[in-house]
Amino acid sequence: MKENGLKIKDLVTIGVFEVIYFVVMFGVGMIGMVPILFLIYPTLLGVVSGTIVMLFMAKVQKPWGLFILGMLSPLLMFAMGHTYVLAVHAIVVMFIAEIIRKLGNYNSFKYNMIAFAIYNTWCCGSLMQMLWAKEKYIEISMMMGKEYVNALERLITYPHMALVYTGAIIGGFIGAYIGKMFLKKHFIKAGIV
């Protein structure tokens, strides 16, 4: 493991990767315009963002780096009007991901891959708002129209959420392997890592 504490350079790296991650997350999130596709959003996000987060973990091999990166998007979304459910859910998820990463001494692909698969479930909290803070979430979603909200109410159930979480974890594993492929093929050759 590298030096223990996060330095200014690491915080800048976190900021840069967060901007990239947020843009990708927002782009992938556009599929949520069709309610049924909202259920595969976490899976797709994991597949698409795996390279970004795996490269980040290769560059910042220090405690709390992944936690901080992972909390920025949910906190921004909370500030933009989402419910407390999203932020609390993300804190729990990121803490678990950080512990897993620590078990691998921050530089094990196996533990980083598992940590990313767990990390990727944070976006499931966006959907869990419908179950745990329904009135507020309906109020937020109403800008999409009554039909959209009614479709979400029918789709977001505990059994469906079990599938969404499973999909998010599977998408995380796939994204981590894609990230590993790119890390080997491009980033290491270019001297980035």
Side-chain angles (χ1 to χ4, degrees), residues 1-25 27-28 40-77 86-126 128 161-193:
M1 187 174 75
K2 308 214 168 150
E3 45 195 68
N4 274 339
L6 290 168
K7 307 285 188 225
I8 298 293
K9 178 184 143 210
D10 301 315
L11 296 175
V12 170
T13 302
I14 289 170
V16 169
F17 275 86
E18 175 56 29
V19 168
I20 296 166
Y21 181 84
F22 193 82
V23 168
V24 168
M25 179 194 75
V28 173
I40 64 164
Y41 165 60
T43 305
L44 190 57
L45 180 61
V47 171
V48 173
S49 67
T51 302
I52 298 162
V53 179
M54 294 304 287
L55 176 59
F56 170 79
M57 288 193 276
K59 289 187 78 57
V60 180
Q61 297 180 4
K62 296 179 183 176
W64 302 109
L66 184 65
F67 183 88
I68 294 169
L69 176 75
M71 285 307 301
L72 291 174
S73 289
L75 289 177
L76 183 59
M77 291 169 71
L86 183 63
V88 172
H89 181 274
I91 288 169
V92 172
V93 165
M94 295 310 160
F95 187 72
I96 293 168
E98 187 66 37
I99 289 171
I100 292 168
R101 194 158 181 237
K102 182 181 173 119
L103 292 173
N105 206 24
Y106 301 97
N107 62 5
S108 159
F109 172 74
K110 176 183 162 187
Y111 284 95
N112 283 348
M113 174 186 66
I114 296 168
F116 175 64
I118 297 301
Y119 170 104
N120 192 51
T121 64
W122 81 265
C123 58
C124 298
S126 182
M128 288 303 290
M161 286 308 299
L163 294 173
V164 170
Y165 275 93
T166 302
I169 291 169
I170 291 168
F173 282 126
I174 293 168
Y177 274 106
I178 292 170
K180 181 182 182 182
M181 187 177 66
F182 275 105
L183 280 168
K184 275 187 171 173
K185 201 169 184 181
H186 299 290
F187 299 134
I188 292 174
K189 284 182 184 174
I192 295 173
V193 177

**Student:** Drop me the distance from L11's CG to I68's CD1, to the nearest 0.5 angstrom.
**Tutor:** 6.0 Å

**Student:** Would you name the heavy atoms of A117 and I169 that are closest together and state the gap between them?
**Tutor:** CB-O, 3.7 Å

**Student:** Atom NZ of K59 and atom CG of L183: how far apart are they, to the nearest 0.5 Å?
**Tutor:** 10.5 Å

**Student:** Using the test side chain to side chain contact (heavy atoms under 4.5 Å, CB included), find all partners of V28 that sit at least two apart in sequence or belong to another chain.
**Tutor:** V24, Y41, L44, L45, V48

**Student:** In the structure I gave you, are the side-chain heavy atoms of S49 and M25 within less than 4.5 Å of one another anywhere?
**Tutor:** no

**Student:** Once you round to the nearest 0.5 Å, how far does CD1 of I14 lie from CE of M71?
**Tutor:** 13.0 Å

**Student:** Between R101 (side chain only) and M57 (backbone N and O only), is there a donor and an acceptor less than 3.5 Å apart?
**Tutor:** yes

**Student:** Which distance, rounded to the nearest 0.5 Å, do you find between the CZ of F116 and the CD1 of I100?
**Tutor:** 13.0 Å

**Student:** I'd like to check the side chain to side chain contact (heavy atoms under 4.5 Å, CB included) partners of L163; sequence neighbours left out, ordered by chain and number.
**Tutor:** none

**Student:** Any sub-3.5 Å donor-acceptor pair from N120's side-chain atoms to P42's backbone N or O?
**Tutor:** yes

**Student:** Which donor-acceptor pairs under 3.5 Å do the side chains of residues 87-99 make with protein atoms, sequence neighbours left out?
**Tutor:**
residue	atom	partner	partner atom	Å
H89	ND1	W122	O	3.4
H89	NE2	Y165	OH	2.5
E98	OE1	F67	N	3.1
E98	OE2	W64	N	2.7

**Student:** Side chain to side chain contact (heavy atoms under 4.5 Å, CB included) with K110: which residues, sequence neighbours excluded?
**Tutor:** S108, I114

**Student:** Show the nearest heavy-atom pair for residues G70 and P74, with the distance to one decimal.
**Tutor:** O-CD, 3.0 Å

**Student:** To check you understand the geometry: which heavy-atom pair defines the closest contact between V164 and C124, and what is its length?
**Tutor:** CG1-SG, 3.8 Å

**Student:** Could you tell me the separation between the CG atom of L69 and the OH atom of Y119, rounded to the nearest 0.5 Å?
**Tutor:** 4.0 Å

**Student:** In sequence, state the C-alpha distance, the side-chain angles, and the governing distance for Y21 and L72, and then conclude on side-chain contact (heavy atoms from CB on, under 4.5 Å).
**Tutor:** CA-CA 10 Å; Y21 181 84; L72 291 174; over 6 Å; no

**Student:** My understanding is that only residues two or more places apart in sequence, or in another chain, count here; which of them pass ring pair (Phe, Tyr, Trp, His ring centres under 6.0 Å) with Y111?
**Tutor:** none

**Student:** Apply side-chain contact (heavy atoms from CB on, under 4.5 Å) to residues N112 and V53 and explain how you reach the verdict.
**Tutor:** CA-CA 9 Å; N112 283 348; V53 179; over 6 Å; no

**Student:** Which residues satisfy the side-chain hydrogen bond (donor to acceptor under 3.5 Å, both in side chains) test with S73, sequence neighbours excluded?
**Tutor:** E18

**Student:** At what distance, to the nearest 0.5 angstrom, does CG of L76 lie from CG of L86?
**Tutor:** 10.5 Å

**Student:** If you compare all heavy atoms of A115 against all heavy atoms of L66, which two are closest, and at what distance to 0.1 Å?
**Tutor:** CB-CD2, 4.2 Å

**Student:** Can you confirm whether V60 sits close enough to F17 that some side-chain heavy atom of one is under 4.5 Å from a side-chain heavy atom of the other?
**Tutor:** no

**Student:** Enumerate the side-chain hydrogen bond (donor to acceptor under 3.5 Å, both in side chains) contacts for residues 171-182, please, sequence neighbours excluded, ordered by first and then second residue.
**Tutor:** none

**Student:** Would you please test L55 and F182 for side-chain contact (heavy atoms from CB on, under 4.5 Å) and show each step?
**Tutor:** CA-CA 9 Å; L55 176 59; F182 275 105; over 6 Å; no

